[in-house]
Amino acid sequence: TYYPPRRRLTVCYAGHPHGWLYRAASRTWQPLHQPVPPPARRPAFVDMPVGTGFLPIWNRHQFTIANGDRMLLVTDGVLETMSPDDQPFDSHGLEALLNGHTGSCEELDGALLATLHAHASTESLEHDDVTFFLGEFVDGPSGPALWHVVRNRILRRPA
């Protein structure tokens, strides 16, 4: 979730691959997670995949965001895109792309898709759900938030 008045981003992965955060001030990408202290009780199952039958504890990672920062979230299908010689794209492929990219979100979007297709040597990525979200944090509309809710949800009726 993102809370604009405090510029606070809270992320909980629930067993999914971690995302990436671009810091506009330093022009660098970093993993979108923070070190987590070990659980106070043992045994404890932390950040286990859904459906394991245990009662996992999902960690939340919080970040303060600045205008121009970006967030990239990927499904495991992005990381598991295989080359013809059975090498996964993996987080190393993603890191290499991110660290070498300095353009806009639209350019990075195109570069990531092109890189995945080139890695797999195919135009069709059908091995898994290959989905990613790339967004940039910007100032929202001015004025009270309640007014925007009323205007966008109540006053504007779908045609």
Side-chain angles (χ1 to χ4, degrees), residues 1-4 6-39 44-141 148 152-153 158:
T1 59
Y2 179 60
Y3 185 61
R6 292 209 175 120
R7 296 189 178 276
R8 184 177 63 220
L9 175 68
T10 304
V11 179
C12 178
Y13 292 110
H16 297 286
H18 71 78
W20 296 87
L21 181 64
Y22 174 79
R23 295 295 193 170
S26 62
R27 300 180 64 129
T28 58
W29 286 92
Q30 63 189 48
L32 188 59
H33 64 82
Q34 298 169 329
V36 177
F45 303 99
V46 179
D47 287 343
M48 293 184 68
V50 176
T52 60
F54 300 112
L55 299 174
I57 300 167
W58 307 115
N59 288 315
R60 293 183 314 162
H61 307 274
Q62 292 188 340
F63 302 87
T64 301
I65 299 299
N67 276 349
D69 287 354
R70 298 174 183 167
M71 177 175 65
L72 175 65
L73 302 174
V74 300
T75 61
D76 60 342
V78 170
L79 303 177
E80 295 170 358
T81 298
M82 300 299 275
S83 68
D85 59 347
D86 288 331
Q87 296 298 313
F89 185 66
D90 207 354
S91 60
H92 301 294
L94 193 54
E95 286 175 22
L97 174 69
L98 294 175
N99 290 330
H101 192 274
T102 59
S104 68
C105 280
E106 292 80 11
E107 292 168 338
L108 178 56
D109 172 80
L112 178 53
L113 280 175
T115 302
L116 287 171
H117 286 289
H119 181 79
S121 294
T122 182
E123 288 298 315
S124 178
L125 301 172
E126 298 176 349
H127 64 281
D128 198 350
D129 175 26
V130 180
T131 305
F132 63 90
F133 167 81
L134 175 62
E136 184 171 329
F137 294 92
V138 297
D139 281 332
H148 295 290
N152 294 326
R153 300 287 178 156

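- Using a cut-off of 4.0 Å between Lys/Arg side-chain N and Asp/Glu carboxylate O, Arg7 and Asp139 are scored as salt-bridged.
- A donor-acceptor pair is defined here as one N or O able to donate and one able to accept, closer than 3.5 Å; no such pair exists between the side chain of Glu80 and the backbone of Gly77.
- Put simply, NE2 on His61 and SG on Cys12 are 7.5 Å apart, with the number rounded to the nearest 0.5 Å.
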Derivation of the side-chain contact (heavy atoms from CB on, under 4.5 Å) call for Leu72 and Val74 = CA-CA 7 Å; Leu72 175 65; Val74 300; 4.1 Å; yes
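- For Tyr3, there are no ring-ring contact (aromatic ring centres under 6.0 Å, His included) partners at least two apart in sequence or on another chain.
- Considering SG of Cys105 and CG of Leu112, their distance stands at 12.0 Å, rounded to 0.5 Å.
- In summary, the side chains of Ser124 and Thr122 do not present any donor paired with an acceptor at a separation below 3.5 Å, with no hydrogens or angles considered.
- His117 NE2 to Thr115 OG1: the interatomic distance, rounded to the nearest 0.5 Å, is 10.0 Å.
- A donor-acceptor contact shorter than 3.5 Å is absent between the side chain of Asn99 and the backbone of Ala96.
- Considering every non-hydrogen atom in both Arg27 and Tyr22, the closest pair reads CA-OH, 3.4 Å.
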request  = Could you please spell out the steps behind the side-chain contact (heavy atoms from CB on, under 4.5 Å) verdict for Arg60 and Val11?
outcome  = CA-CA 6 Å; Arg60 293 183 314 162; Val11 179; over 6 Å; no
inquiry  = Between Leu97 and Leu108, is the side-chain contact (heavy atoms from CB on, under 4.5 Å) condition met? List the steps.
reply    = CA-CA 9 Å; Leu97 174 69; Leu108 178 56; 4.2 Å; yes
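- Across all non-hydrogen atoms, the minimal contact from Leu116 to Val78 is CD2-O, 3.7 Å.
- The structure places CZ of Arg6 at 15.0 Å from CD1 of Ile65, a figure rounded to the nearest 0.5 Å.
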message = As a quick check of understanding, evaluate side-chain contact (heavy atoms from CB on, under 4.5 Å) for Trp29 and Arg70, giving each step before the final call.
response = CA-CA 9 Å; Trp29 286 92; Arg70 298 174 183 167; 4.1 Å; yes
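- When all heavy atoms of His119 and Phe89 are compared, the closest pair comes out as NE2-N, 3.3 Å.
- Atom CG of residue Asp90 and atom CE of residue Met82 lie 9.5 Å apart, to the nearest 0.5 angstrom.
- When every heavy atom of Pro88 is checked against every heavy atom of Leu79, the shortest pair comes out as CB-O, 3.8 Å.
- Note that CG of Leu32 is 7.0 Å distant from CE of Met71, once rounded to the nearest 0.5 Å.
- Here the closest heavy-atom approach between residue Gly19 and residue Leu73 is recorded as CA-CD2, 4.0 Å.
- When every heavy atom of Pro31 is checked against every heavy atom of His18, the shortest pair comes out as CB-CE1, 3.6 Å.
- A distance-only check finds a donor-acceptor pair linking the side chain of Thr75 to the backbone of Thr131 [under 3.5 Å].
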